[in-house]
2 protein chains.
Amino acid sequence: MTTTPAPESAAGDAVSGSAPADDFLRLDQQICFSLNAASRAFGSLYRVVLKDLGLTYPQYLVMLVLWEHGELPVKKVGEHLRLDSGTLSPLLKRLEAAGLVRRERSARDERSVVVGLTDEGAALRGRALRVPRRIAAATGFGLTEINDLRARLDRLTSTLDAAALEDFPDRG
Amino acid sequence: MTTTPAPESAAGDAVSGSAPADDFLRLDQQICFSLNAASRAFGSLYRVVLKDLGLTYPQYLVMLVLWEHGELPVKKVGEHLRLDSGTLSPLLKRLEAAGLVRRERSARDERSVVVGLTDEGAALRGRALRVPRRIAAATGFGLTEINDLRARLDRLTSTLDAAALEDFPDRG
DNA sequence: CACAATTAAATTGTGCACAACTAAATGACG
DNA sequence: CGTCATTTAGTTGTGCACAATTTAATTGTG
């Protein structure tokens, strides 16, 4: 579980034999699983930390966007978070039911629904200020290391997005 | 979007003012969001690549485990993937309905359900061999870089797990 | 102005993650 | 042997992600 053998013999050439492909399959399991596991481990930690704010992790992300940008149409919130209305509509309804946000149709454009903070939602920010520090501490990483990891992940994300668009151009 | 200002002035001391905490909140958004986004971008890519195998991403992970280890009780599958029966039971039923795995109660221990591959499930491995290469290519990362990222993520995961256990010791 | 194309939310349906709980089998111990 | 704690799957309920579809408003064009 330390420093994988790394089947570099098969790194550059086409799939010829069978053994290198096996290694790739095992490696693939490790990579995709590592990311998946890290994401879920983060989720578990946030679940604990956010419990007394009464927020789930995706709800917290939405609140972060609103705290930073003020009121926004659902569309814009979705652009910030890479989420569509299929995910956001029910989530925002739950935040509204919790009294943290209000949602109202824009007068200028009746298609658009503008999401804003209630007083309670704005006040919650004060209690949220201590969240990042607890999370950062739990990672055991320093700021530099965190920023480095973030940069790699962001690069990975945009590369993956680009690759997905090549295979599947009919996507927004 | 390049090299964040990094509010290192507030890195070591307690939250005194307001501005540094604001920065932390913004930073937190970036970190957790980056991981979340990368995980979902990976998911989208796998969704496309796995489409003609008829597998979802979590189902693919289960198949990887079975291809590598042969038949296993549900419990063991869950240990490999960090998933409990609440997630695995319905997932395995879908794989069984698809004709890829069979599930049968162990004779030795009637509590345990052993999951094994059908001929069709074993045969699917052949078509899956080309998946890792497509994924690796899409990341735009070399093997070294992938392994490095994986190592960081694994370290992050175990640190996060340990931190969660400190806050919440009643967890397996 | 009329009408087609586009856009924004919402809805529907499928599948995953996870907490909480249930049911059944096993194992330990008096 | 009987009883109780533990273990293993499964079930239920909540919430998120995402594809596909629907509805309504807006924009563009003739």
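Keep in mind it's a predicted model, so treat the numbers as computed, not measured. Chain letters run A, B, ... following the sequence lines, proteins first, then strands; residues in each count from 1.
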I want to check something: taking the side chain as every heavy atom from C-beta on, are A:Leu124 and A:Leu53 in contact at a cut-off of under 4.5 Å? yes
Rounded to whole angstrom units, what separation is found between the CG atom of B:Leu92 and the C1' atom of D:dT8? 13 Å
Atom CD of B:Glu96 and atom P of D:dA9 are separated, to the nearest Å, by 14 Å
Check: residues 83-90 of chain B side-chain donor-acceptor pairs under 3.5 Å, at least two apart:
residue : atom : partner : partner atom : Å
B:Asp84 : OD1  : B:Gly86 : N            : 3.2
B:Asp84 : OD1  : B:Thr87 : N            : 3.2
B:Ser89 : OG   : B:Ser85 : O            : 3.0

Under 4.0 Å between a side-chain N or O of A:Arg47 and OP1 or OP2 of C:dA19? yes
Not counting sequence neighbours, which residues clear ring pair (Phe, Tyr, Trp, His ring centres under 6.0 Å) with B:Tyr57? List them please. B:Tyr46
Rounded to the nearest Å, what distance is computed from the CZ atom of residue B:Arg105 to the C1' atom of nucleotide C:dA25? 9 Å
Taking a hydrophobic cluster as the set of Ile, Leu, Val, Met, Phe, Trp and Tyr residues connected by side-chain heavy atoms closer than 4.5 Å, whether directly or through intermediates, do B:Leu72 and B:Val114 fall within one such cluster? no
Between the protein and nucleotides 2-4 of chain D, which nitrogen or oxygen pairs are less than 3.5 angstrom apart?
none

Contact list for residues 31-45 of chain B, test salt bridge (Lys or Arg N to Asp or Glu O under 4.0 Å), sequence neighbours left out: none
Protein-nucleotide distance (B:Asn36, atom CG; D:dC18, atom C1'), rounded to Å: 14 Å
A:Leu50 CG to C:dC18 C1', straight-line distance once rounded to whole Å: 15 Å
If we only count heavy atoms from C-beta on, is the B:Glu71 to B:Glu104 side-chain gap below 4.5 Å? no
For a side-chain contact (heavy atoms from CB on, under 4.5 Å) with A:Val62, tell me which candidate from A:Val115, A:Val101, A:Leu92 qualifies. A:Leu92
With a 4.0 Å cutoff (strictly under), does any side-chain N or O of B:Arg40 reach OP1 or OP2 of D:dC18? yes
If you look at every strand shown and take non-hydrogen atoms under 4.0 Å, does B:Leu88 touch a base, only sugar-phosphate, or nothing? nothing
Could you give me the CA-CA distance, side-chain angles and deciding distance for A:Arg125 and A:Met63, then say whether side-chain contact (heavy atoms from CB on, under 4.5 Å) is met? CA-CA 8 Å; A:Arg125 183 176 180 281; A:Met63 295 302 286; over 6 Å; no
Can you name the atoms? Protein N/O to nucleotides 11-13 of chain D N/O, anything below 3.5 Å, with the distance.
residue : atom : partner : partner atom : Å
D:dT11  : OP2  : B:Lys93 : NZ           : 2.7

Is any side-chain heavy atom of A:Leu156 closer than 4.5 Å to a side-chain heavy atom of B:Leu149? yes
Can you tabulate the close N/O pairs, meaning under 3.5 Å, that link protein atoms to atoms of nucleotides 26-29 of chain D?
residue : atom : partner  : partner atom : Å
D:dT26  : OP1  : A:Glu110 : N            : 3.2

Member of B:Asp154, B:Thr157, B:Asn147 meeting the side chain to side chain donor-acceptor pair (under 3.5 Å) criterion with A:Ser34: B:Asp154
Can you check the B:Tyr46 OH to D:dA17 C1' distance for me, whole Å? 18 Å
Could you give the CG-to-C1' distance, from B:Leu61 to C:dA17, as a whole number of Å? 13 Å
Using Watson-Crick or G-U wobble geometry with both distances below 3.5 Å, tell me the partner of C:dA19, or none. D:dT12
Should B:Asn36 and A:Phe42 count as side-chain neighbours, where that means a heavy-atom distance under 4.5 Å? no
Would you mind reading off the distance between A:Lys76 atom NZ and C:dT7 atom C1', rounded to a whole angstrom? 13 Å
Does B:His69 reach the side chain of B:His80, with side-chain heavy atoms less than 4.5 Å apart? yes
Residue met sooner reading DNA chain C from 5', once B:Asp84 and A:Lys75 are mapped to nucleotides: A:Lys75
